[in-house]
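What follows is a single structure, written as structure tokens, with notes after it.
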Amino acid sequence: MGLTRTSTGRAAARHNAPINEEEHTLLLAGNPNVGKSTLFNALTGLHQHTGNWSGKTVTTAIGSCIHKGKRFTLVDLPGCYSLATRSAEEVVARDSICFDPAERVIVVCDASCLERNLPLLLTILEYRPRTILCLNLMDEATKNNITIDQKRLAKKLGIPVVAMSAGRGKKECLKLLDALDTPCSTPYEVRYHTDIENYMTDIQALTIEAGFTRQQARVLALRLLDADTAFVERLAAAYGCPAALRQEAQALADRFQNAYAADSSHQPIEDEITEAIALAASLLVQNTVTQEVRSAPGRVDRLLLGRFTAFPLMLGLLFLILWITVKGANLPSAWLSFIFSQLEALASRGLSAIGLPPLLVSLCCEGVLRVVGWVVSVMLPPMAIFFPLFTILEDIGYLPRVAFSLDRCFKRCHACGKQALTMCMGMGCNAAGVVGCRIIDSPRERLIAILTNSFMPCNGRFPMLIVLLSLFFAASGILTAVGLGGMILLSVLMTLLIAKLLSRTVLKGVPSSFTLELPPYRTPKIGQILIRSLLDRTLFVLGRAIAVAAPTGLVLWLLAHISIGTSNLLQHLSLFLDPLGQIMGLDGAILLAFLLGMPANEIVIPILLLCYLNGSTLTDYASLADLKQILLANNWNTVTAINMMLFTVFHWPCSTTLLTIRKETGSFRQTAAAVLIPTILGILLCVTVNAFAFLF
């Protein structure tokens, strides 16, 4: 299968039961959001440890458990909607299902929306008759008044069917392993158009004589109609198909395709096959599933996805989250700032006591430690508030609805609606947003999303925007949140504009179609939210910020202490950049602060104060009033503040994001484009605003 295994199941090692020598390998497959990873974690006792398939940015998890003296290795395949291989995830899932020697495939379906999940199962049954259907989320189905005739469904499919709710724990999930001993009968077979069935009968007549089973012959016949010849060759080799037979079968497939296409009454073969699978899924559900009418979720969706209500509600939720973040972060930031100031004083005394030279003490404490303290105190509280709130929206099922609402806007720009999700991720951290662009299947649309993700103000830029809004435009937290929301709206509009410009010029192409599942509304699990948002997101992002902030503190200290003539290097660099800054309605000190703040946007204002006060160490402002007096004394006005906010949103990504872009794209040219596009846009906006201010 070509993947990197990163865990072996510590839970299994602690089990004292005798273990059979034979190990049973199981593949877990299913659509996204069906609880597959919850089932995996419950059985293995592990959180999801991931590894990459060779040559692909697709992750998997592997773990093992012991049940009734047998060792089971479980492979959690990436979630996908089909095996049609439109994305890297589908390629990995298809190759694993077709070629992995695993004993069985377990297809996990959401019992509350079975018809949407069954097409994947029916496709997998064509390849792997020894499959088990896991009806997960039965508690959700019960809440929705859905009843599934499990025995009848198992009889029709010809495979074991296990109903469960994986979220209830390991004991519930072990029912799945108990079902492995249940024998499979003849699996359900999708019936296609009469002409396609006759063609497959002809292929069977050729291949069964060569030792093929009926199931293998049908699979090969269908795949011969695809354009993926490399996969057909691998499949034929796996089935032991001689080259001469392979060529004869391909010639028969080509003749059938030509005759089928010549009949104007036929729709494309791919559509015919897809419709047949969907019809089969619908008939299975009609015969086995009953549901009482429930109107509440429908009313909620009509409100959240309505033509006239979707965007106002989206903006209202955005403003609410931003207001909570703005108001809630002030006090914790002050506490952390005080703690780090005390820590700096303590470290200074300690280093001096052991005989370290004063210059080195200043470098370590007033350089490195002070920058790290500033980044932590400014960055941690907003992230600790924003990420959990963002995760709650994700857990209850609202974020996919945001993507659904914005899909039409992105389609008009020849981009992908999934980019809305990556933009939301970028509001927390642009590096995380860039990684999130993996969910976009089209390479062209993925690159557009990567190049424009830094347009969304990340958590590191929020504090600077909040300070500027509070000083020059807003007297209350509500007005600040409204102003911050306005800047985010401008970011969205510019993202759409640049996406359209790129798709019309250097990245031309037709927007791809994609399947976006709207999951049912669920009650968020607060404990998991806190763990995921604080450990997986907040501390992860903070750790990377600290890693780049520490060397930045060293560089700043050196620039402030090395002098040429009567001025230090900071002053010389500031004067050099001042002509460009004046054209943009800013000044050289502001541009220098942004350049030196590339490792972390949180330190732009401290660097600016260092330049304005001509000091030798970073200085925090005692209050907003003091900061405003310093800025006004250095010729700031309303136009300066507007341009400062514009350039805060539209300038080069931070170094962490740039490293992530380089890793995701594998291209220095595309990484350079990610720097130039927002920077050029920011310069043009600032020059335009400054010109209007000069004229009017």
Side-chain angles (χ1 to χ4, degrees), residues 82-85 90 94-95 97-99 104-105 107 118-131 133 153-159 183-287:
S82 73
L83 302 183
T85 67
E90 290 170 348
R94 181 203 65 185
D95 289 353
I97 289 166
C98 293
F99 306 119
R104 284 199 181 185
V105 177
V107 180
L118 279 180
L120 177 64
L121 169 70
L122 296 177
T123 306
I124 290 175
L125 280 177
E126 293 178 340
Y127 296 95
R128 303 288 288 254
R130 288 176 56 79
T131 295
L133 171 59
L153 182 61
K155 185 177 180 180
K156 283 186 170 294
L157 288 172
I159 60 174
C184 297
S185 59
T186 303
Y188 185 89
E189 193 172 85
V190 177
R191 304 300 297 176
Y192 297 101
H193 189 279
T194 303
D195 290 345
I196 297 177
E197 287 291 338
N198 292 336
Y199 151 74
M200 288 195 290
T201 301
D202 294 339
I203 294 291
Q204 289 166 15
L206 284 176
T207 56
I208 289 179
E209 293 181 3
F212 279 47
T213 65
R214 172 182 168 83
Q215 170 261 330
Q216 290 175 333
R218 287 179 66 86
V219 168
L220 185 62
L222 287 172
R223 299 291 73 81
L224 284 169
L225 302 177
D226 295 338
D228 192 349
T229 55
F231 174 67
V232 174
E233 293 292 346
R234 292 178 60 195
L235 197 63
Y239 290 167
C241 181
L245 180 61
R246 159 78 175 85
Q247 292 176 359
E248 188 176 356
Q250 184 65 61
L252 182 60
D254 292 341
R255 287 197 299 271
F256 167 72
Q257 283 182 302
N258 293 333
Y260 192 91
D263 190 339
S264 59
S265 64
H266 289 154
Q267 59 179 332
I269 294 179
E270 182 181 349
D271 294 345
E272 186 66 54
I273 292 174
T274 301
E275 281 192 13
I277 294 174
L279 178 61
S282 179
L283 292 174
L284 284 168
V285 169
Q286 288 177 19
N287 293 324

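Residue A217 comes nearest to I203 through the heavy atom pair O-CG2, 3.9 Å, listed as atom of the first residue, atom of the second, then distance. Of all heavy-atom pairs spanning A276 and R191, the tightest one is CB-O, 3.9 Å. Closest non-hydrogen pair, V190 versus R218, comes out as O-NH2, 3.0 Å. Across every non-hydrogen atom of I196 and I273, the tightest pair is CD1-CG1, 4.4 Å. Considering every non-hydrogen atom in both A249 and L206, the closest pair reads CA-CD1, 4.2 Å.
With sequence neighbours excluded, no residue forms a salt bridge (Lys or Arg N to Asp or Glu O under 4.0 Å) with E272. Residues passing the salt bridge (Lys or Arg N to Asp or Glu O under 4.0 Å) test with R255: none are found, sequence neighbours excluded. Annotation: side-chain contact (heavy atoms from CB on, under 4.5 Å) contacts of D202 (sequence neighbours excluded): L252.
Annotation: the span from L153 atom CG to N287 atom CG amounts to 10.0 Å, rounded to 0.5 Å. Interatomic distance, NE2 of H193 versus CG of N198, reported as 9.5 Å (0.5 Å rounding). Atom CD1 of I269 is separated from atom CD of Q257 by 5.0 Å, given to the nearest 0.5 angstrom.
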Distance-only check: which donor-acceptor pairs under 3.5 Å involve side-chain atoms of residues 232-244, not counting sequence neighbours?
residue: E233; atom: OE2; partner: R246; partner atom: NE; Å: 3.3
residue: E233; atom: OE2; partner: R246; partner atom: NH2; Å: 3.1
residue: R234; atom: NH1; partner: D95; partner atom: OD2; Å: 3.2

For residues 118-127, please give each side-chain donor-acceptor pair under 3.5 Å, one per line with the distance, not counting sequence neighbours.
residue: T123; atom: OG1; partner: P119; partner atom: O; Å: 2.8
residue: E126; atom: OE2; partner: Y192; partner atom: OH; Å: 2.4
residue: Y127; atom: OH; partner: R223; partner atom: NH1; Å: 3.1

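Within the structure, ring pair (Phe, Tyr, Trp, His ring centres under 6.0 Å) pairs that include any residue of residues 216-237 comprise F99-F231 (at least two apart or interchain).
Using modelled atom types, no side-chain atom of Y188 and backbone atom of A154 make a donor-acceptor pair closer than 3.5 Å. Judged by distance alone, the side chain of D271 and the main-chain N or O of Q267 form no donor-acceptor pair under 3.5 Å. Side chain of S282 to main chain of A278: no donor-acceptor pair is present (N/O by atom type, distance under 3.5 Å, no hydrogens or angles). A donor-acceptor contact shorter than 3.5 Å links the side chain of R128 to the backbone of I97.
Checking Q215 against E189 by side-chain atom types alone, no donor-acceptor pair falls below 3.5 Å. No side-chain donor-acceptor contact under 3.5 Å links E270 and T274.
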Test side chain to side chain contact (heavy atoms under 4.5 Å, CB included) applied to E197 and M200, step by step: CA-CA 5 Å; E197 287 291 338; M200 288 195 290; 3.6 Å; yes
Please assess Y199 against T194 for the test side chain to side chain contact (heavy atoms under 4.5 Å, CB included), listing each intermediate value before the final yes or no. CA-CA 9 Å; Y199 151 74; T194 303; over 6 Å; no
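Between L284 and K156, some side-chain heavy-atom pair lies under the 4.5 Å cut-off.
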